[in-house]
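Worksheet for the structure shown next.
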Amino acid sequence: MLTKTSLHLISWRYGWGMGSGLFMILIYFINRTIAVKANSQGLRSIAKDNLSDAIVSFGTVIGITGAQFGMAWLDPVTGLVVGLIILWAAWGIFKETALILTDGIDPKKIIEYKETLAEVQGDYASS
C-alpha cells in the first residue's frame with residue numbers, strides 16, 4: 001500500500017532518475033555535435049556511451065516505479081532490455097573503432113591507394 005512517505009520517495013527517485021537521464025541526453029547531443037564538427041570517432045563513441053547512460057537512467061526509473069506499484073517483474077525485464085541496448089551500442093562502437101584502434105587500414109582504402117600508385121607509376125613511365 002502506498003503511503004505519503006512512499007509516494008515522496010517515488011517522486012524523489014523518479015526526479016533524480018529522469019533528471020540524470022535528461023542531462024545525459026543533453027551531453028550526448030553536445031558530444032555528438034562536436035564529434036561531427038571535428039570528425040572524431042573517439043567523440044562519437046563517447047556520445048554513444050552518454051546515450052547508453054541516459055537509457056540506463058530511464059530504465060532505472062521504470063524499474064523502481066514498477067516495483068513501488070507491485071510490478072516486481074518490471075525491474076528485471078527493464079534491466080534485460082537496457083542490457084541488450086547497451087550491448088548493441090557497444091558492438092556498434094567496437095565495429096566503428098576496431099580498425100582504427102588496431103592501426104588497420106580499410107580494405108577499400110587499400111584498393112584506392114593501389115589505383116593511385118598505378119596512375120602515378122604510369123605517368124612516370126610515359127615521361
Val77 reachable from Phe69 in the ILVMFWY side-chain graph, under 4.5 Å edges
yes

Rounded distance (nearest 0.5 Å) linking atom OG1 of Thr60 with atom CD1 of Ile55:
11.5 Å

Does a side-chain heavy-atom distance below 4.5 Å link Ile86 with Val56?
yes

When every non-hydrogen atom of Ala89 is compared with those of Ser52, the smallest separation belongs to CB-OG, 3.6 Å

In this structure, CD1 of Ile46 is separated from OH of Tyr28 (nearest 0.5 Å) by 13.5 Å

Testing the basics here: between Ile93 and Ser45, what is the closest heavy-atom pair and its distance to 0.1 Å?
CG2-OG, 3.5 Å

To check you understand the geometry: which heavy-atom pair defines the closest contact between Gly59 and Thr78, and what is its length?
O-CG2, 3.1 Å

Search all heavy atoms of Ser20 against all heavy atoms of Ser57 and return the closest pair with its distance.
OG-OG, 3.1 Å

Which residue is it: Asn31, Asn39, Asp49? I am looking for the one with a side chain to side chain contact (heavy atoms under 4.5 Å, CB included) to Arg44.
Asn39

How long is the straight-line distance from CD1 of Ile85 back to CG of Leu51, given to the nearest 0.5 Å?
9.0 Å

Hey, could you give me the CG/CG distance between Leu43 and Asn50, rounded to the nearest 0.5 Å?
10.0 Å

Looking at every heavy atom in both Val61 and Met18, which two are closest together, and how far apart are they?
CG2-N, 3.6 Å

If we only count heavy atoms from C-beta on, is the Leu22 to Phe58 side-chain gap below 4.5 Å?
yes

So, taking the atom named CZ in Phe23 and the one named CG in Leu26, what distance separates them when rounded to the nearest 0.5 Å?
6.5 Å

